[in-house]
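A quick write-up on the structure given underneath.
Owing to the predicted nature of the structure, the values given are computational and were not obtained by experimental measurement. Chain identifiers are assigned alphabetically (A, B, ...) following the order of the sequence lines, protein sequences preceding nucleic acid strands; residue numbering begins at 1 within each chain.
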Amino acid sequence: MLNTKPSDRALPTFISLLVIGVLLMTFDVRLAGGGVVGVLRNGTQEIVSPLQRVAAFVVTPVANALDSLSNVASLREQNAALSAELAEAEAALVSVQDDLAKLALLEQIYDLEADGGELGQTVSNVIGSVDAALIIDKGVRDGVVAGQPVIDTNGYVVGIVKSASTGSATILPITATREGLTVLVGSQTGTLVSRPFSSELALEMDLDVFDAREPVLAGDRVLTSAASTDYPAGLPVGEVIEDASPESTSLSTTVRPFVDAESLRFVVVLSWPPDPVTAATDDTVPEDTTGTTLSEDATTTTSTTTPEDDG
Amino acid sequence: MRGRTALIIGLTVLIVVLVQTTLFGRLQVVTPDLVMLVGILLALTRVRTEAVLAIAFLSGLIMDLLGASLIGLRAVVYTTIAYVAIRTKERAELGRVTIAIWAGLLTLLGVVLLLLLGTLFGQVALVGEGGVSVMVLVPLANTALAALLAPTFVRLVDRDRTALRYP
């Protein structure tokens, strides 16, 4: 049986809730996610994250099975593409091994040691998502705090930690943030901004170079810049997909990010900057990094590639 | 709202939030908005309208708090959709198919409202990922789920086995 008449208090209740909702949005904008709003967010995540871990443990096999079913049609093409990628990667590995052998020899001759400036890394499982934001199973107790940069296991930029509770954190991908990311294309510095209504089928971002001196070409790699306050320099972000020449002193083009955040299962949170003094003097990614925390479920090994070697 | 009904609704909202943020947060093809659907289907029950609005608001607020979008964005949208559902539920009484279509249309309205408010508050990159496909897939998924689950949900909440039975 259905209620036939809404009660007289439905409209006042509705208006009251709308006012409260708009007030909350205003507070969130004004406080920039901090203050009471931040406490509310962290408190909720504190309560819900243990339940989300349990739910993720149960639903992960189901999600994987359904994902596999939906991708079965494109498996053959994916296999061919992956085989080609593997052959290229193996060839690159051989040349890198030669370089490493030379490096080891030179280090031995000159009696050099590593500078010990590795960034701490925390490998985390992605246990869920809300809108475009990812929820991971590592939080403050694992050294994850708001503002830290996040990469995938290949070293490509994913985004930053938006908020962190004791046992979980929310990651905001670069494709979902309003703020521009300062990047380097060749020798030119530009700003990479997300494109509204982009989809996983056509994941694209807009690149603006305001002090353009030379054209950018399709295939050019886009790296994080030393001018970025959120990321260490030299992390690969994506590649240019359209040629563009300077018009007056600026140019605009389209960039495809290397990472589709929706398909990620593991991410790596970087402890960056390591400390304010180091950040002020040296913000480049070290050449050899090792994981400091490894999730029990994380069966993959963290990549130790440098941005320069990558790809 | 009696204690047992409140417990059933509370547990339902909790389970739905967990499933939405874990299972459906990871699937790229099947993407219903279960939390919005619960707010819509609650309008079909005997639960007081103020309570339905409050539940829709709170469940939206929880989703906001768990995500990275503005706090209150989903709360406002879910409350609005629950209110429209309360005002239009008589049109859904005709049968299982009409309930499904009604729920689908309300979901479409909710998705559009979410994208609109998200654009106004500069959150479109966050809530509008895959905007066009979201406007198609989410209402379709909610339509199918409403056809499957609406009668069972209403009977469970109202504890009335005769609710939503059609010849």
If you tally heavy-atom pairs under 4.5 Å against chain B, which of A:V126, A:L51, A:I127 wins?
A:L51
Contact origin within A:T170 toward chain B - heavy atom pairs under 4.5 Å:
side chain
Within the 3.5 Å criterion, strictly below it, is a donor on A:D137 or A:S124 matched to an acceptor on the partner's side chain?
no
From A:L11 atom CG to B:Y83 atom OH, the distance as rounded to the nearest 0.5 Å:
4.0 Å
Could you state the interatomic distance from CD1 (B:I81) to OH (B:Y78), rounded to the nearest 0.5 Å?
10.0 Å
Below 4.5 Å, heavy-atom pairs only: which of A:I171, A:L264, A:L24, A:V58 has the largest tally toward chain B?
A:L24
At a 4.5 Å cut-off on heavy atoms, which part of A:L40 comes close to chain B: side chain, backbone, both, or neither?
both
Distance-only polar pair, side chains of B:R74 and B:S59, donor-acceptor under 3.5 Å:
no
Shorter than 4.5 Å, heavy atoms on both sides: which option in B:V17, B:V19, B:T79 has the most such pairs with chain A?
B:T79
Between the CD atom in B:E90 and the OG1 atom in B:T88, the distance rounded to the nearest 0.5 Å is 8.0 Å
Heavy-atom distances under 4.5 Å only: say whether A:V54 touches chain B with side chain, backbone, both or neither.
neither
Considering all heavy atoms of both residues, which atom of A:E242 and which atom of A:T254 are nearest to each other, and what is their separation?
OE1-OG1, 3.5 Å
So which part of A:S16 gets closer than 4.5 Å to some heavy atom of chain B, the side chain, the backbone, both or neither?
neither
Turns out that what part of B:I15 lies under 4.5 Å from chain A's heavy atoms comes down to neither
Please determine, among A:S129, A:G128, A:S49, the option with the most heavy-atom pairs under 4.5 Å with chain B.
A:S129
When you check the side-chain N and O atoms of B:T21 and A:Q52, is any donor under 3.5 Å from an acceptor?
yes
